[in-house]
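Working notes, structure below.
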Amino acid sequence: MWRLIGKVPRNATVAVSGGADSVAILRFLAKDGKRDIEAAMFDHGTGMQEKTVGIVKELCASLDVPLHIGIIEQEKPNRKSQEEFWRDA
């Protein structure tokens, strides 16, 4: 059984990583038919997300949910760790 703390707004954007939790939330909200849902994900430019991006695109298409994908389009400075660069991007 689900217990929500507070109300889910009528218009919501779900951050989707492709993992089980975010996919389940997206499916739950998209299928209830009461909300206008959009999905967003971020491609960190590592090449490791190519398969995940495709899976999330297919999922969103099947749910008729618009998907917005952010992409890093700059080079990481040598003075920053990868994680610091991603946070600041």
Side-chain angles (χ1 to χ4, degrees):
M1 175 177 275
W2 288 62
R3 181 169 180 244
L4 296 176
I5 300 172
K7 294 186 178 188
V8 177
R10 175 151 164 47
N11 299 311
T13 301
V14 178
V16 182
S17 66
D21 295 339
S22 61
V23 167
I25 291 169
L26 179 63
R27 285 180 189 266
F28 174 78
L29 293 174
K31 288 188 175 185
D32 83 350
K34 298 176 185 175
R35 295 175 177 81
D36 293 322
I37 301 298
E38 296 187 356
M41 72 180 306
F42 197 81
D43 183 347
H44 292 90
T46 64
M48 295 171 33
Q49 283 188 292
E50 288 178 19
K51 184 176 179 181
T52 305
V53 169
I55 291 168
V56 172
K57 281 182 178 179
E58 288 178 20
L59 172 64
C60 288
S62 73
L63 295 171
D64 198 27
V65 170
L67 173 62
H68 307 277
I69 302 174
I71 301 171
I72 291 180
E73 296 179 344
Q74 57 191 10
E75 294 292 320
K76 179 185 83 62
N78 289 333
R79 67 185 185 283
K80 288 188 176 184
S81 71
Q82 192 69 51
E83 291 79 13
E84 183 181 17
F85 173 64
W86 289 337
R87 273 193 309 271
D88 294 343

Practice task
May I ask you to check whether over 12 heavy atoms, not counting those of Asp21, lie within 6.0 Å of atom CG?
Solution key: no
Practice task
Check Gly19 against Ser17 and note the closest heavy-atom contact, atom names and distance.
Solution key: N-OG, 3.1 Å
Exercise for the section: For residues Thr13 and Ala40, report the shortest heavy-atom separation together with the two atoms involved. Expected result: CG2-CB, 3.8 Å
Handout entry: Minimum heavy-atom distance between Lys31 and Leu63, given as atom pair plus value
Key = CE-CD2, 3.7 Å
Practice task
Spell out, yes or no, whether Ile55 and Val23 are grouped together once hydrophobic residues are joined by side-chain heavy atoms under 4.5 Å, including indirect joins.
Solution key: no
Exercise for the section: Nearest 0.5 Å please: distance from the CG atom of Asp32 over to the CZ atom of Arg27. Expected result: 14.5 Å
Exercise for the section: Please name the residue in the list Val65, Leu26, Leu67 that meets the side-chain contact (heavy atoms from CB on, under 4.5 Å) test with Val14. Expected result: Leu26
Problem - Atom CG of Asp64 with >12 non-hydrogen neighbours under 6.0 angstrom - result: no
Fill in the blank from the handout: Closest non-hydrogen contact found for His68 with Glu38 is NE2-OE1, 2.8 Å
Practice task
Might you point out which heavy atoms bring Ala39 and Cys60 nearest each other, and give the distance in Å?
Solution key: CB-SG, 3.7 Å
